[in-house]
Amino acid sequence: MPLTEFSPNVARLEASATLVLAARARKLRAAGVPVVDLSAGEPQYPAPPFAARAGIRAVEEGKTGYPPTSGLPELREAIARYLCETTAEEAVDPGAVIVSAGVKQSLFNCCYALFGAGDEVLVPSPFWPSYTTIVRLAGAAPVIVETTWDGGFVPTVEDLEAARTAQTRGLMLNSPGNPTGAVIPPDLLREIMAWAERHGIWVLSDEIYRRLAYAAPAPSVFDIAERGERTILLDGVSKAFCMPGFRIGYAVGPQEVVRKMADLQGQTTSGAVGPSQHAAAAALGESAPRETFVDDLLSRLAELRGTGLSRFAEIDGIEAFPPDGALYFYARIGGGARSLDVAERLLADVQVACMPGEPFGSPGHLRFNFAVEPEVLEEGLERIAGFFG
Ligand code: PMP
Ligand code: GLU
């Protein structure tokens, strides 16, 4: 007999599948099971030492009071400079930047501020599971726009137009995307932004994997001159700077939206952790060490991507989509098996933890994080080959 009925706010809320699976793999490892954990999307490497030191120094120097709700001025300035240095945008006002506890919180605040009952938000599929959940938490309805393997897992304007109704208020973009690694090429992004502008649709562009692109640089919405005013860029330090535990993300958009997000944050979390903000300011602040760090990470990931793709090509029964960005192999499995069951069996039989496609809206697939040590990936692929072989 349950203790209570939950409020309608959360009655249908589900736990984050990615985090649940990662926690399960961690628990098994702690119990001595030799799990190869390729589940959570997380670079399993240390943060830049210069960023970590800045966080430690902040604590040691007693910079432990409440930070400003929207973020430390030096971090908002560093973000504005970073965007000017790495996109075509020439001037970003630090006042248009809000810092939150990860992109996840920025995204929640943004959706909660902009969308509500009766609104529809287009979400290209496969999608990161939190998008649909967060849109629902805001009271709005996610509308799935299917993309295909053969179409490179990117939505076309025709796909979006077919899903548009009078209620469409927003579009989630994620390029490079989780879980597929697909990159929306510049011309298509330009067309999508112009389409959204024409219809007064808010574009929430989650660019957390933007710097992790293998074939060609992944364009930002800030590279697109045709973008409308209803554009919000979201990014953070969890992926390209290997700092997920610092919980720092940000959104950049029109000041009135950013101010409302700050009010929401001021009534819920009082903003992001102060010492983490000092660390993030150091990570982004100086271009030379920052770019060296990203370059090194990218070469490391490119190597792992290459090894993994050639290994997958030798395994029957599973086929990996060649990702142009991000840090995942998204693979389809033949035979009509449920990917949830296959993921369970991979864990039970050969102790490899991965993500099934179902939470991403695409059954029949498995997602593997390849941002691990080379020997971990090799061991994982060996076991995957044994399982499917
Ligand atoms: N967006 C995407 C597409 C992601 O894969 C993730 C997962 N980390 C996030 C946002 C959340 O990132 P953060 O750690 O900044 O909350
Ligand atoms: N985003 C990562 C993933 O897709 C980390 C977990 C999460 O934040 O959902 O696995």
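Heads up: numbering here begins at 1 and tracks the sequence. Order of appearance sets the numbers: ligands from 1, and atoms from 1 within every ligand.
A cation-pi arrangement is found for R300 relative to Y45, the charged atom lying closer than 6.0 Å to the ring centre and inside a 45° cone about the ring normal.
Between L212 atom CG and E207 atom CD the span is 12.5 Å, to the nearest 0.5 Å.
Contacts with ligand 1 closer than 4.0 Å are made by no heavy atom of P244, backbone or side chain. The side chain of K104, and not its backbone, has at least one atom closer than 4.0 Å to an atom of ligand 2 (non-hydrogen atoms only; side chain from C-beta on).
In this structure a side-chain-to-backbone donor-acceptor pair under 3.5 Å is present from D223 to A88.
Between A141 and V135, the shortest heavy-atom distance links the atoms C-CG1, 3.7 Å. For the residue pair L309 and F321, the shortest heavy atom distance occurs at CD2-O, 4.3 Å.
Ion pairing of E344 with R24 is present here, as a side-chain N (NZ or NE/NH1/NH2) and a carboxylate O approach within less than 4.0 Å. For the pair E161 and R198, the salt-bridge criterion is not met [side-chain N within less than 4.0 Å of a carboxylate O].
Nearest-residue assignment for atom 10 (C) of ligand 1 (options W128, Y131, Y209; heavy-atom criterion): W128. For atom 16 (O) of ligand 1, the nearest non-hydrogen atom from the set Q105, K239, R247 belongs to R247. Among L234, V103, D206, the residue whose heavy atom lies nearest to atom 3 (C) of ligand 1 is D206.
Ranking protein heavy atoms by distance to atom 1 (N) of ligand 2, first place goes to W128 NE1, 3.2 Å. T18 OG1, 2.5 Å is the protein heavy atom nearest to atom 9 (O) of ligand 2. Protein heavy atom closest to atom 5 (C) of ligand 2, with residue, atom name and distance, is G41 O, 3.6 Å. Distance from atom 12 (O) of ligand 1 to its nearest protein heavy atom, with residue and atom name: I208 CD1, 3.3 Å.
Every atom of ligand 1 with a heavy atom of N174 under 4.0 Å away is listed here by number and element: 3 (C). Per-residue contacts place S16 under 4.0 angstrom from the following atoms of ligand 2 (heavy atoms of the residue considered): 9 (O). Against a heavy-atom cut-off of under 4.0 Å, K104 is close to the following atoms of ligand 1: 16 (O). Residue A40 approaches ligand 2 through these ligand atoms, each under 4.0 Å from one of its heavy atoms: 10 (O). Using a 4.0 Å cut-off to heavy atoms of N178, the atoms of ligand 1 that qualify are 3 (C), 4 (C), 5 (O). Counting the atoms of ligand 2 from 1 in the order shown, those under 4.0 Å from a heavy atom of K239 are 1 (N), 2 (C).
Residue contacts with ligand 1 do not include G236, since none of its heavy atoms lies under 4.0 Å from the ligand. Residue contact annotation: G249 has no non-hydrogen atom under 4.0 Å from ligand 1. Ligand 2 lies within reach of R367, whose nearest heavy atom is under 4.0 Å from it.
Around atom CD of E303, no more than 12 heavy atoms belonging to other residues, nucleotides or ligands sit under 6.0 Å away.
S287 and Y82 are not linked by any side-chain donor-acceptor pair at a separation below 3.5 angstrom, with hydrogens and angles left out of the test.
Geometrically, ligand 2 and N178 share a nitrogen or oxygen pair separated by less than 3.5 Å.
Placement of F387 and V376 within a single hydrophobic cluster is found when ILVMFWY residues are connected by side-chain heavy-atom separations under 4.5 Å, directly or transitively. Put simply, I208 and I248 are part of two different groups of oily side chains (I, L, V, M, F, W, Y) that touch within less than 4.5 Å, one to the next.
The side chain to side chain contact (heavy atoms under 4.5 Å, CB included) test with T69 is passed by exactly one of Q265, Q267, M261: Q265.
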